[in-house]
There are 2 protein chains.
Amino acid sequence: MTLFTGLSAFPLTPTDDEGQPKPELLQHFLEQIVTAGADSIGLLGSTGGYAYLTPEARKRTLRAAVECAAGRTPLIVGVGALTTDLAEDLARDAREAGADGLLLAPMSYQPLTDEEVFRHFEAVAAAGGLPLCIYNNPGTTKFTFSPDLIARLAELPNVIAVKMPLAADGDYAGEMRRLRAMTPEDFAIGYSGDWGAKHALLAGGACWYSVVAGLLPEPALALTRAAQAGNAAEAERIDHAFAPLWALFREFGSFRVMFAIAESLGFGPITPPRPILALEPAYRERVELALRPLLDKNLWSQRV
Amino acid sequence: MTLFTGLSAFPLTPTDDEGQPKPELLQHFLEQIVTAGADSIGLLGSTGGYAYLTPEARKRTLRAAVECAAGRTPLIVGVGALTTDLAEDLARDAREAGADGLLLAPMSYQPLTDEEVFRHFEAVAAAGGLPLCIYNNPGTTKFTFSPDLIARLAELPNVIAVKMPLAADGDYAGEMRRLRAMTPEDFAIGYSGDWGAKHALLAGGACWYSVVAGLLPEPALALTRAAQAGNAAEAERIDHAFAPLWALFREFGSFRVMFAIAESLGFGPITPPRPILALEPAYRERVELALRPLLDKNLWSQRV
């Protein structure tokens, strides 16, 4: 199994009032992920708030993660930045710090051309020298990858995977068939968008890049393993336990909801970086209710 | 005349290979703007590449600008940032350094809610304590202001102007009528999008937030004054001289074209921050041709 397959769990990066990372709490989240047996950690992804942290805070966060996870669970680290210079610097730092792979989103301010994104990836992949996954997340980066651009990037050294957003038409199998025909045989096509994970995995997606697994790795892993085994009924049953949470993710954005989950689980106070606001207290009860079917293993684990 | 009226000229922020500002060249651009008699300088706007500069580089850039422009031409400075903490810090710094006003764009990574943008503006306007213009630029920030949100922001202390994007339907008069009915009487509604400036100013727009005036302030000022005087024929004639340049702005984005103009004018080598790429050499000839009707004052100045 290669790096960008299975369940990749994306932890929050908890910070204090000054925006400084809180390494102990991060390591607690990572310990949960490692213990559950997730296939990788997606550190400093969108859920990890990489876009809101200074380069120095990102580097410190990575070191705290390596300290906890090295040799236990592969560590993938987000190195996206608005400038190529900074993304290159973060990619080099990731290798030096001991990360296993990179995740690169084409963050943008001025809308980017395909050629600009290609050259950006080429430069950062070369600077990092680690296996790299294309972070295709138009909802945050405002850049939409064409299949042609993904195919072109897949020819670059080190670029061996893509993290796709939810398939707009729900046809994961068709989308993967088209992308596979254009990319090298070992190029790994995985998906984010937690509420589509069951479909994506059952359709043969290589990886679930999972927000919820950052805090609830056990049920997320159970869903992953059921779907990887082709057990649609079991995957359906576990996915059903997640349904109230998926509804919250869709309504408020998973980033905001994850902070509320962390508080519900007793890790608070933990708030998103401003300008992002925490969920209003009125919604906290919905979060508690949504967590209930997931916190009791008997409610989602394999029935024998 | 208040701060956010007339012609606001947006200079590039030239940087060296390490992304460090080159203060002498910036001051040369500013000197041109001051000498031409523009009504304000829009420092570190989108054209000034604020999104691509470190906070330290932005602060140094501001000081170089104050050194040149203070007491001569009002200085408006962009303080947008992905976090409220950083935008507050930049707003405080702007006041300390001697800026006259602030321009605040709701940069985003996670898509922002109206309430998040409101609280962000409230915090930054309070921290800066300077007159502030709402930077409404969905093409770069990916946030769309509703008229209701603009009206709500216009009630905040210090928030006294908005910089609107091109009116999608071209109906500047109608858009301003609707916004004026919802905002305080002295709230200044101005426009960016250089190729719509003639229409916006003739329709009564308070300000042209001008990209091209960062390098070609003289013809931009002539267009502004003609339109402000209600001289539609003269405004039309000058706008016509800009037409080939507007075509390039629309095709490649004004940010990329401005660097090519700067090179054509002999300020090179000067390149955009990666991942943004300079125009291919093949297009440089079109830039030269587009500049011709603007560099000879006889071709655009008032015919008597």
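Below, chain A is the first sequence line, B the second, and so on; all start at residue 1.
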Which region of B:D89, side chain (C-beta onward) or backbone (N, CA, C, O), has a non-hydrogen atom less than 4.5 Å from a non-hydrogen atom of chain A, or is it both or neither?
neither
Side chain, backbone, both or neither: which part of B:F118 has a non-hydrogen atom closer than 4.5 Å to chain A?
neither
Output the option from A:E18, A:Q110, A:M107, A:H120 having the highest count of non-hydrogen pairs under 4.5 Å with chain B.
A:Q110
B:F249 vs B:W246 aromatic rings, parallel, tilted or perpendicular, using cut-offs 30° and 60°?
tilted
Exceeds 12 heavy-atom contacts within 6.0 angstrom, atom CZ of A:R250
no
Would you mind checking which part of A:T113 comes under 4.5 Å of any heavy atom in chain B, side chain (CB onward), backbone (N, CA, C, O), both or neither?
both
Heavy-atom proximity to chain A below 4.5 Å, by part of B:E88:
side chain
Determine whether the side chains of A:Y209 and A:Y135 contain a donor N or O and an acceptor N or O closer than 3.5 Å.
no
Partner residues of A:R286 under the salt bridge (charged side-chain N to carboxylate O under 4.0 Å, His left out) criterion, sequence neighbours left out:
A:E251
Proximity breakdown for B:A123 and chain A, heavy-atom pairs closer than 4.5 Å
side chain
Any luck finding a side-chain donor-acceptor pair between A:S108 and A:K142 under 3.5 Å?
no
